[in-house]
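Written out below as structure tokens is the structure these notes cover.
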Amino acid sequence: MRGRMPEREAARRAVPVPAVKIHNAEIANLLNRYGVLLEMEGDNPFRVRAYHNAARTIENLPRDVNQMLAEGADLSELPAVGKDLAGKIAAICASGRFDALEKIKKKLPAGVADLTEIPGLGPKRVKAIFKTLKIKSLEELGEAARAGRLRALPRFGEKLEKSIQEALQHRAEREQRWRLATAEQVVAPLLRHLETARGVERVAVAGSYRRRKETVGDIDILVSATDGTDVIERFTRYSEVDAVTAKGETRATVRFTSGLQVDLRVVPSRSYGSALLYFTGSKSHNIALRAMGMKKGLKINEYGAFKGSRWIAGETEADVYAKIGLPYIEPELRENQGELEAARKGSLPHLVTLKDIKGDLHAHTDASDGQQGLETMADAAQARGYAYLAISDHTEHVGIVHGLDAKRLKKQMAEIDRLNARRRDFRLLKSAEVDILADGTLAADPGMLAELDFVVAAIHTKLDLDGKAQTERLIRAMDNPRVNIIAHPTGRLLGAREPIALDMKRLMKAAVERGCHLEVNAQPTRLDLSDAHCRMAKAMGLKLAVSTDAHTADTLDYMRFGIDQARRGWIEPDDVVNTRETMQLLKLLKR
DNA sequence: GCCGTTTTCGGCCCGACTGTTTTCAGTCG
């Protein structure tokens, strides 16, 4: 669960003006809690669902709700948000509190809603626990489970009580999200293990992994097989499995020793496409899709598209989309963020692919903090079919690496010339990653920069300036006509460091005005810009550089993670500067 | 509470699995 508004703090506030603005995730959390409490109250289940649906919309919104309101946007135009909830959300933003939730909390303490975070505990069981045992927090739940008091409740038993105890113990790791690249390392050998099971036809990973989200919470594996018994057996006996949480004839759930949860589903061949669609999600995309199907008199589920009881499609995802009258929608777009409408109108983007990339614009060598020399990096880039690779070692002033001074950079440029002379259809480009100082000036000799093909500039220090100062710092850097690309603009490290405070819209506008570009850094720990930022850039006509920031030859392969991210941001080949051939690229970068 | 190319009223996804039961309620995705 993400950053939650501390309840007590909200309640303590006397003045209805929030000291700190309330973020999308917190608004979603308030709506979700209210939904849970409503359900415990026995309210209309569809009303309950409406709150959860709206919460999901807000949580996945690429834009900040406060900003939308400030710009006069009508929230009721958002999916699953109607007039009533638009008003409630606006009130939450204005006051920092949700009055309806405060009211219901008098009957049901809000902490009770947290209990539903435990797998196996839904509103019904939590209500029973609260009403009978007066338990209203996870701590109290743990005590009761240890004391064996839960099993006395109707339809509670020893096993459920034990699983609650275990869930409480594993809570921390279960909430962890896994970087996509990390998940890939776990998934690849598992897929090989499953593929050899008897009766298996196809194996695929679905879920957010297939949608290429930057982090995934669990892994969903789909198998089509003539008989699921063997593959499920093999799955639950896999060496990394720590616990089997569910096991049936067509699905199983396990937890790996690493804490990663993996779900496996087995379907017959003719349902492979519909099941892949179903389990790839997002949930929100699926709900909207099924609603469109219903309007055409179709029922869509994981086994296919049905007219009455007659199966009419399901072998491929494209077949199912076609029955709803839609073209195929790429998994990266399936977030119910306008892709269904675009599909209906025939205006889906033609997403950039790895094949469109002609070169990499950010790489290091052992001259600074990379691990290999120019020639090895050039060979690796050429082996990947690239026309160019920009060498952008750090210049001096970055304390953590031994950056290049003017003399060493000059030497590197001469060596690049020598190497280029020996290569056909490939060129090493001369660049540098220059540090942007706190006042926005560059930590490099201007004469030195003039000799480069282009300059990458980035922030590495003073990450804690406020939003205004940070934005102006970057704009000031771009005022320097030598600067072409801002690398890893927000400086975030997934799961480790928050992005710097930044007015991204203002930054992007300034970049467009100056003929600068922002980077989508493909390092799996960065993926910076984010998908939402990519989409913002596209809307503003800002072209992006998708670069690996590789410090070794092997990690030039990280390009695909950058491409994944760009695709999630609706980016097309023309939106990416390094889809250009060498001469066009240099022309485009020229300011 | 949301939504509208069958509808401004009357719908709203539904199948699999578990645990606790002797036939199913609750939860999950």
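Any value given below was found using the heavy atoms of this structure, including those in side chains, with hydrogens, waters and symmetry copies removed.
- To the nearest whole angstrom, the two P atoms, one in dA16(B) and one in dG11(B), are 26 Å apart.
- A sub-4.0 Å separation between OP1 or OP2 of dC17(B) and a side-chain N or O of Thr253(A) is absent.
- Comparing Glu249(A) and Gly82(A) against DNA chain B, the residue whose closest nucleotide sits nearer the 5' end is Gly82(A).
- In this structure, Ile300(A) reaches neither bases nor backbone, as no heavy-atom distance under 4.0 Å exists between it and the strands shown.
- Distances shorter than 4.0 Å separate none of the side-chain N or O atoms of Tyr278(A) from OP1 or OP2 on dA16(B).
- Residue Phe279(A) is classed as having no contact, given no heavy-atom separation below 4.0 Å to the nucleic acid.
- Here the C1' atom of nucleotide dA16(B) and the CG atom of Leu264(A) are 13 Å apart, to the nearest Å.
- At the heavy-atom level, Glu158(A) lies under 4.0 Å from the strands shown only through sugar-phosphate atoms.
- Counting non-hydrogen atoms under 4.0 angstrom, Pro154(A) reaches nothing in the nucleic acid.
- The NE2 atom of His52(A) sits 14 Å away from the C1' atom of dG29(B) (whole-angstrom rounding).
- The partner of dT8(B) is absent, by the rule that a Watson-Crick or G-U pair needs both atom distances under 3.5 Å.
- Distances shorter than 4.0 Å separate none of the side-chain N or O atoms of Lys283(A) from OP1 or OP2 on dG29(B).
- Put simply, NZ on Lys83(A) is 13 Å from P on dC3(B), counting in whole angstrom units.
- Residue contacts shown for Ile118(A) are limited to sugar-phosphate atoms, with no base heavy atom under 4.0 Å away.
- In the model, Thr257(A) has no side-chain atom that pairs as donor or acceptor with a side-chain atom of Asp242(A) under 3.5 Å.
- Summarising the geometry, the separation between CZ on Phe306(A) and P on dC14(B) is reported as 12 Å, rounded to the nearest angstrom.
- Residue Asn53(A) is out of contact with every strand shown, counting any heavy-atom pair closer than 4.0 Å.
- Among residue pairs with one or both ends in residues 106-133 of chain A, none qualify as ring pair (Phe, Tyr, Trp, His ring centres under 6.0 Å); sequence neighbours excluded.
- Within 4.0 Å (heavy atoms only), Val81(A) reaches sugar-phosphate atoms of the nucleic acid but no base atom.
- Using modelled atom types and a 3.5 Å distance limit, the side chains of Lys88(A) and Tyr51(A) yield a donor-acceptor pair.
- When rounded to the nearest whole Å, the span between CZ of Arg47(A) and C1' of dG10(B) equals 17 Å.
- Nucleotide dT5(B) holds its P atom 14 Å from the NZ atom of Lys345(A), rounded to whole Å.
- With hydrogens and angles disregarded, no donor-acceptor distance shorter than 3.5 Å links the side chain of Trp570(A) to the backbone of Glu339(A).
- Residue contacts shown for Pro45(A) are absent, as no nucleic acid heavy atom lies under 4.0 Å away.
- A side-chain donor from one of Ser530(A) and His533(A) sits under 3.5 Å from a side-chain acceptor of the other.
- Listed in residue order, the members of residues 124-143 of chain A having a heavy atom less than 4.0 Å from DNA chain B are Lys124(A), Arg125(A).
- Residue contacts for Leu78(A): at a heavy-atom cut-off of 4.0 Å it reaches the sugar-phosphate backbone alone, with no base atom in range.
- Within a 6.0 Å radius of CD in Glu41(A), more than 12 heavy atoms belonging to other residues, nucleotides or ligands are found.
- Residues satisfying the salt bridge (Lys or Arg N to Asp or Glu O under 4.0 Å) criterion with Arg234(A), sequence neighbours excluded, are absent altogether.
- Between Lys247(A) and dT18(B) there is no side-chain N or O to OP1 or OP2 distance below 4.0 Å.
- Exactly one residue among Asn24(A), Leu30(A), Val65(A) makes a side-chain contact (heavy atoms from CB on, under 4.5 Å) with Ile89(A). That residue is Val65(A).
- Between the P atoms of dT21(B) and dA25(B), the separation comes to 13 Å (whole Å).
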